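Because the structure is a prediction, the values reported are computed rather than measured.
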Amino acid sequence: MSAEPVIQINGPWTHRSVTANGARFHVASMGEGPLVLLLHGFPEFWWTWRQQLVTLSEAGYRAVAVDLRGYGGSDKPPRGYDLITAAADAAGLIRALGEANATIVGHDWGGLTAWTLAAYFPKAVHRLAIVSMAHPLRMRARVLSSPFTISRTLNEPDQAKRRGYPLAFQLPMYPERQLVRDGGALVGEILSSWSAPGWPDDDTARVYQRAMRIPPVAHTSLEYHRWFVRSTFRPDGLRYARQLRTPIAAPVLHLHGSADPCIPAQAARGAGRYVEGPYRWKVIEGAGHFPHEERPRAFDAELLGWLADPEPDR
């Protein structure tokens, strides 16, 4: 399956390729003004931010949604799926887009990348908005305490939504086959089981199912999960954990769905201990793991209000 017709979805935005950190990235951009870089999570791609591209541009921002390394229309090299490389990719993208820094909005694995970017490349971060993701140190502790339920997680999504899913993807090859079989049916099941009732509709699910079937996205997207778990006791993982203890100076907005069954709000709350700058925690009522898609008006109101606040300390 060719990536271009699946990824380059028409809309008021502009598609282009940007080279950064030795790789080529597909981005969709819209608007003029201060840069807001939007980082998606699993199992999605840039299109998850389609509504925010419009609202941010209308509010006077230059909104850029990128396909992370290994996803969508971006390069899919055989390696480089650790969060340090992902953060370096984001820092390189900011420079390649002609800016010294940007507001970063990261959802799910994009949120882990955003936390990492702020710790490793603090000068690249003007503000940081984290969506549906705990701080990496809290997330790692939660993952390691979750039961290893590979078969139940991949074959029974109703069970998956109550467990730390990165552990489910540690086996070689089997998870990849599950993600693409039956037209990517598992992708739709993951989306619906992690969201509040009523989302996604069939058309939305099909977009993400097609994107997961682009070779080798099913493999490369899972390599992030594998690094996160397998590096825990390796030297690179220990160095990463030490660096992530560095307090974040940039203002942080932490948004979470009240009904998120994948990463419950109580598991994500408390990240302010890693932030020395202004920290704001907000819950989006009635939303699951994808609040920017499930409740876009409430989500955008919180995000735009925070961006416009010169002293975002509440």
Side-chain angles (χ1 to χ4, degrees), residues 1-9 23-26 39-49 65-83 85-86 89 106-113 132-133 143 148-161 163-195 200 202-231 262-263 289-290 293:
M1 179 183 294
S2 173
E4 184 170 325
V6 176
I7 298 305
Q8 295 201 10
I9 300 171
R24 181 184 57 84
F25 296 89
H26 167 260
L39 308 176
H40 67 84
F42 175 87
E44 301 180 307
F45 64 108
W46 75 266
W47 192 69
T48 190
W49 301 113
V66 60
D67 287 332
L68 299 183
R69 176 187 295 250
Y71 282 89
S74 295
D75 280 350
K76 305 168 186 67
R79 55 187 58 86
Y81 299 99
D82 57 278
L83 288 173
T85 300
D89 289 344
H107 170 253
D108 188 78
W109 283 89
L112 288 176
T113 299
S132 303
M133 181 49 65
V143 166
F148 187 81
T149 52
I150 178 69
S151 60
R152 297 182 74 181
T153 300
L154 291 179
N155 294 323
E156 299 178 26
D158 286 342
Q159 299 292 329
K161 67 184 182 181
R163 292 180 168 86
Y165 68 89
L167 280 176
F169 299 132
Q170 298 306 305
L171 290 181
M173 302 308 297
Y174 176 72
E176 286 91 329
R177 290 196 293 268
Q178 293 293 96
L179 283 172
V180 300
R181 69 182 297 181
D182 298 328
L186 180 59
V187 173
E189 292 167 357
I190 288 173
L191 294 172
S192 62
S193 66
W194 290 353
S195 62
D202 291 342
D203 290 341
T204 299
R206 278 193 288 269
V207 171
Y208 291 120
Q209 289 166 335
R210 288 195 297 267
M212 184 59 67
R213 292 167 58 204
I214 298 169
V217 171
H219 172 69
T220 51
S221 64
L222 296 184
E223 288 294 272
Y224 290 99
H225 303 73
R226 289 166 176 154
W227 176 84
F228 193 74
V229 173
R230 296 175 186 178
S231 68
C262 176
I263 301 174
H289 191 60
F290 309 92
E293 295 198 69

For this session: Answer yes or no: are there more than 12 heavy-atom neighbours, outside Arg230 itself, under 6.0 Å from its atom CZ?
Result: yes

Heavy-atom closest contact ([X] atom, [Y] atom, distance):
X: Pro43; Y: Met212; answer: CB-CE, 3.6 Å
X: Arg69; Y: Ala23; answer: NH2-CB, 4.0 Å
X: His289; Y: Ser132; answer: O-OG, 2.9 Å
X: Ile7; Y: Ala211; answer: CD1-CB, 4.3 Å
X: Gly80; Y: Thr85; answer: O-CG2, 3.4 Å
X: Pro200; Y: Ala205; answer: CG-CB, 4.1 Å

Heavy-atom side-chain contact between [X] and [Y] under 4.5 Å:
X: Phe290; Y: Asp108; result: no
X: His26; Y: Phe45; result: no
X: Val217; Y: Leu179; result: no
X: His219; Y: Lys76; result: no

For this session: Verify, without hydrogens or angle tests, whether Asp67 (side chain) and Gly73 (backbone) share a donor-acceptor contact under 3.5 angstrom.
Result: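 Judged by distance alone, yes, a pair lies under 3.5 Å.
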
Drop me the distance from [X]'s [atom1] to [Y]'s [atom2], to the nearest 0.5 angstrom.
X: Leu222; Y: Gln178; atom1: CG; atom2: CD; answer: 11.5 Å
X: Leu68; Y: Phe25; atom1: CG; atom2: CZ; answer: 8.0 Å
X: Trp109; Y: Ser221; atom1: CH2; atom2: OG; answer: 10.5 Å
X: Thr204; Y: Gln209; atom1: OG1; atom2: CD; answer: 10.5 Å
X: Tyr208; Y: Ile190; atom1: OH; atom2: CD1; answer: 13.5 Å

Exercise. Does the distance from a Lys or Arg side-chain N to an Asp or Glu carboxylate O, for Arg181 and Glu189, drop under 4.0 Å?
Worked result: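 No.
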
Exercise. Going by distance alone, is a donor N or O of one side chain under 3.5 Å from an acceptor N or O of the other, for His40 and Trp47?
Worked result: no

For this session: Decide yes or no on side chain to side chain contact (heavy atoms under 4.5 Å, CB included) for Val187 and Arg213, but give the supporting numbers first.
Result: CA-CA 10 Å; Val187 173; Arg213 292 167 58 204; over 6 Å; no

For this session: Indicate the ring-plane relationship of Phe42 and His225, choosing parallel, tilted or perpendicular according to the 30° and 60° boundaries.
Result: perpendicular

For this session: List for me each residue that meets ring-ring contact (aromatic ring centres under 6.0 Å, His included) alongside Tyr81, sequence neighbours excluded, and say none if there are none.
Result: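 ring-ring contact (aromatic ring centres under 6.0 Å, His included) list for Tyr81, sorted by chain: Tyr224.
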
